[in-house]
Amino acid sequence: MEAFDPKQIVDCMDALRSDRDRPWSLHEPHFGGNEWQYVRDCIDGGWVSSVGKYVDRLEASLAEYTGAPHAVAVVNGTAALHVCLILANVQRGDEVLVPALTFVATANAVKYCGATPHFVDSSTGTLGIDPERLDAYLRDTALVKGGECFNRGTGARIRALVAMHTFGHPVNIDPLMEVCERYGLCFVEDAAESLGSRYKGRHAGTFADVSALSFNGNKIMTTGGGGAILAKDSAVAKRAKHLTTTARVAHRWSFLHDAVGFNYRMPNINAALGCAQLEQVPRFVEAQRALADRYRQAFAAVSGARVFQEPAFAKSNYWLNVLLLDEASAAYRDEILALSNERGLMTRPVWTLMHRLPMYRECPRMELPTAESLEARLINLPSTPHLVQGDG
Ligand SMILES: *Cc1c(COP(=O)(O)O)cnc(C)c1O
């Protein structure tokens, strides 16, 4: 084997970018459609906040694009996750299985419900929860009683499992849903990163009863800040709308609320931006996939590292490209990060694993060898397609 060369890795990235004088960001938004027209329409009409047609239109377009029966637009992906967990009946004292390798919002949303995140390991093939290892773990750890699942160690009820599609790559959903069925767990998808991704032909976020999307500024499409809940059932979608709009009972003038609701409604002006962005998502996905191909070619001859490729069952949006260093090259990770960032190539390490964060250190967890290995050797590559050579 040839000697591992961090500089060669950085050169490979650098060769792809269009403009060496401009930083190549991890993921920045692209506004190339009807954004101005729709936002101007909001401002001209005075409909910028809680009244206006764009929220309904965005919800209908999201349902159409994803194939989800219902979509409810909210202020951000974290709020969407919070309400998904409430809809999954997560209660104070419960545990919820979440990957240790995720963005902190997944675990925070569990905490907002007064529940405890219970961390599970990931697979190298998907970067998401490993269904086989989870099943083996639950065989020892879980006790199913009266259709409900309990942690033998803590005595707490394990209510749900949140699967997250890491960097847009779908997890292996079928076996995960089988595990959920076997143990009486409610299946929830954190699809924040996977708008435009498909699993066996079906859009991510349409498998669980409720799923969360994010339209933060760094995601594949943006509303400035925003998110959505996808729901299968119309009664659940109605409840999502009710809870995210202060649980106000419709009346011509009275302020009557029948639950402790949330002010999680997406403002109309953000939804206007979202309508324009969603029109371009099919194009965005193709551009991300083309960039992934370019990376694959660029790194084909490099030894000691490989570009992550979608599993056969998936069609990924490749929101963020991933370079995986071999175990033997992992020690070079920080050198690659430093070299590339110095050159304006905005690479990033993966998130610090959840069980290392101070507020989650004491949470229950299985052994996490794969997540820990991925943490040590995963690098996110600059994935803004409009800054790629020969693209636009
Ligand atoms: C972005 C993201 C969220 C949260 O979305 P916000 O809109 O930023 O609140 C949740 N989970 C994952 C995995 C994310 O990447």
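Everything numeric here is computed off the predicted structure, so don't read it as measured data. In listed order, ligands and their atoms are each counted from 1. Computed from heavy atoms alone, side chains included, the values below leave out hydrogens, waters and symmetry copies.
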Hey, are D293 and R289 close enough for a salt bridge, meaning a charged N less than 4.0 Å from a carboxylate O? no

Using a 4.0 Å cut-off to any heavy atom of A192, which atoms of ligand 1 qualify? 2 (C), 3 (C), 10 (C), 11 (N), 12 (C), 14 (C)

Any atoms of ligand 1 less than 4.0 Å from a non-hydrogen atom of G226? List them with their elements. 7 (O)

Compute the shortest N/O to N/O distance between G77 and ligand 1 and return yes if it is under 3.5 Å, no if not. yes

For a quick check under 3.5 Å, do H169 and S316 share a side-chain donor-acceptor pair by atom type? yes

Establish, yes or no, whether the cationic atom of R248 lies under 6.0 Å from the six-membered ring centre of F255 and within 45° of the ring axis. yes

Which residue and atom name correspond to the protein heavy atom nearest atom 5 (O) of ligand 1, and how close is it? S214 OG, 3.2 Å

For the residue pair R333 and R377, establish whether any side-chain heavy-atom pair is separated by less than 4.5 Å. no

Whether R22 and E28 form a salt bridge (side-chain N of Lys/Arg under 4.0 Å from carboxylate O of Asp/Glu) is what I want to check. yes

What I want to know is whether D190 and ligand 1 share at least one N or O pair that is separated by under 3.5 angstrom. yes

Compute the ring centroids of F262 and H82, then answer whether they are less than 6.0 Å apart. yes

Counting heavy atoms only, which of H165, E193, K219 is nearest atom 13 (C) of ligand 1? E193

Could you list the atoms of ligand 1 found under 4.0 angstrom from a heavy atom of N76? 7 (O), 9 (O)

Does A80 reach ligand 1, in the sense of a heavy atom lying below 4.0 Å from it? no

Atom 4 (C) of ligand 1 sits nearest the protein heavy atom T78 OG1, 3.6 Å

Show which atoms of ligand 1 fall inside a sub-4.0 Å distance from at least one heavy-atom site of M164. 13 (C)

Any side-chain donor-acceptor pair under 3.5 Å between Y332 and D326? no

